[in-house]
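These numbers come from a predicted model, not from an experiment. Counting starts at 1 for both ligands and their atoms, following the listed order.
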Amino acid sequence: MRIAMIGTGYVGLVSGTCLADFGHHVTCVDKDEAKIEGLLQGRMPIWEPGLEALVKSNVDRRRLEFTTDLGTALKGAEAVFIAVGTPSRRGDGHADLSYVYAAVEELAGLLEKPIVVVTKSTVPVGTGDKIAELLKEKGAPEGVSVASNPEFLREGAAIADFKHPDRILVGAEDELARTALAEIYRPLFLNRAPMLFTSRRTAELTKYAANAFLATKISFINEMADLCEAVGADVQDLARGIGLDNRIGPKFLHAGPGYGGSCFPKDTLALLRTADEASVKQRIVSTVVEVNDLRKKAMADRVVAAMGGNVQGRRIGVLGLTFKPNTDDMRDAPSIPLIEGLQAAGANVVAFDPVGREQAEPLLSNVEFADSAEGAADGAEAVVIVTEWDEFRALDLHDLAARMSGNVLIDLRNIYHRGEAEGAGFVYHGVGRVKA
Ligand SMILES: NC(=O)c1ccc[n+]([C@@H]2O[C@H](COP(=O)([O-])OP(=O)(O)OC[C@H]3O[C@@H](n4cnc5c(N)ncnc54)[C@H](O)[C@@H]3O)[C@@H](O)[C@H]2O)c1
């Protein structure tokens, strides 16, 4: 099948490439000329494991193309996906749908025959209805169908997630859309990935419900971590103790500095706006957002306290800047309020991230960037592990301690055991773990 993919970011590029890898012919289109120019030369605009090789092999097989021109991408296409950004609108937390509607308007003027328009972007419930109206209003041909196909991939494991999804969710109102999406995902269907057909509105809302639930698990375990610290219990063991229960499950039960990234913060807020408009209270999600905001802000104080209450003029090494490992994404990363809080308290911050520096630099000021974890530790009085990159899991702690002028290790991801850190001479501070 010929497919056009509007938006060549984390979701559009990964989805388009994987669909091409299934054997479809995919043309990815983006307004960002530099991005498309780079892709045409084989340069990836994002850091995602395995992506470069998969793009190359599908470009070589002539199944994957890139362009800035939507008209070109639409030639012969039977389906067009919309995978543009839907960030939080400044001020009110609503999903900003301006990119979606701009893409739809452009599309309406170019369509010559009925096609299936599939929204992959995360959009509030009812957006599909508005897209259908807008297409009609702007002169799209009769018979164009609008479906919702939310994406659940995780950055850092995006290709595996797309190719082996827990489920494929399709919200469709007609047979044309259901048949087209069943055909598009047939290779996964054959691998027995469950394909769920729902109404368009249900699919749109399900995506928000999924993210809100995962955010809830994170905030829950973070509050449990606080309680563990206060009463002398260990949140790692507690998480295992509840996570082994199949009704609960072990994932998203890692205490840490609060969730960030391109999805949870904006999607929880957008869900609350939807609920406001429907005059329905969502007390749980509303509390989750509050708990997470406070948690992120509290991380700087946690470091200051670990250093005796005063960080004025003191050098602190920060390991990891991206919101999670295996991505260069800095959107809403907990490292940002942490570093800003430390700087406000007078600390000098030196940071290292294995791939995130380019994205991080414009977002942070007065930060010294080191070329390695060891470089960030050189001369520092404390080191703070903020993102659990694999390469931070096997640091030579003796060497790290020897490079520092102090001996405080603040492990916001609990990747070390107290014993091994103390054995290397550190004063160790994990999250939600038994003290001393
Ligand atoms: N990043 C994730 O992990 C993830 C996971 C699941 C769902 N989502 C959702 O997918 C959507 C896309 O997210 P993302 O992280 O890929 O965003 P992104 O910002 O990385 O990419 C969006 C791309 O769309 C392009 N674009 C915007 N308007 C355009 C237009 N009219 N025509 C062509 N290109 C246009 C931009 O230039 C950009 O390259 C969002 O709704 C997001 O919530 C993201």
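Every pair passing salt bridge (Lys or Arg N to Asp or Glu O under 4.0 Å) that includes a residue from residues 196-214 is listed here, sequence neighbours excluded: D129-R200, D129-R201. Each side chain to side chain donor-acceptor pair (under 3.5 Å) pair with one or both residues in residues 99-116, not counting sequence neighbours, appears once here: K31-E106.
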Write none if no such pair exists; otherwise list each N/O atom of ligand 1 with its protein N/O partner under 3.5 Å and the distance.
{"residue": "ligand 1", "atom": "1 (N)", "partner": "E155", "partner atom": "OE2", "Å": "2.8"}
{"residue": "ligand 1", "atom": "1 (N)", "partner": "S262", "partner atom": "OG", "Å": "3.2"}
{"residue": "ligand 1", "atom": "3 (O)", "partner": "E155", "partner atom": "OE2", "Å": "3.3"}
{"residue": "ligand 1", "atom": "15 (O)", "partner": "R331", "partner atom": "NH2", "Å": "3.0"}
{"residue": "ligand 1", "atom": "16 (O)", "partner": "Y10", "partner atom": "N", "Å": "3.1"}
{"residue": "ligand 1", "atom": "16 (O)", "partner": "V11", "partner atom": "N", "Å": "2.8"}
{"residue": "ligand 1", "atom": "20 (O)", "partner": "Y10", "partner atom": "N", "Å": "3.3"}
{"residue": "ligand 1", "atom": "34 (N)", "partner": "K31", "partner atom": "N", "Å": "3.3"}
{"residue": "ligand 1", "atom": "37 (O)", "partner": "D30", "partner atom": "OD1", "Å": "2.6"}
{"residue": "ligand 1", "atom": "39 (O)", "partner": "D30", "partner atom": "OD1", "Å": "3.3"}
{"residue": "ligand 1", "atom": "39 (O)", "partner": "D30", "partner atom": "OD2", "Å": "2.6"}
{"residue": "ligand 1", "atom": "39 (O)", "partner": "K35", "partner atom": "NZ", "Å": "2.6"}
{"residue": "ligand 1", "atom": "41 (O)", "partner": "T86", "partner atom": "OG1", "Å": "2.5"}
{"residue": "ligand 1", "atom": "41 (O)", "partner": "T122", "partner atom": "N", "Å": "2.9"}
{"residue": "ligand 1", "atom": "43 (O)", "partner": "T122", "partner atom": "OG1", "Å": "3.3"}
{"residue": "ligand 1", "atom": "43 (O)", "partner": "K266", "partner atom": "NZ", "Å": "2.6"}

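Residues L97 and T86 form a side-chain contact, since some pair of their non-hydrogen atoms from C-beta on lies under 4.5 Å apart.
Under the ring-ring contact (aromatic ring centres under 6.0 Å, His included) criterion, Y208 pairs with no residue at all, not counting sequence neighbours.
Not a single donor-acceptor pair under 3.5 Å links the side chain of K297 to the backbone N or O of P337.
In this pair, F252 and F264 present their aromatic rings tilted. The plane angle is within the 30 to 60° band.
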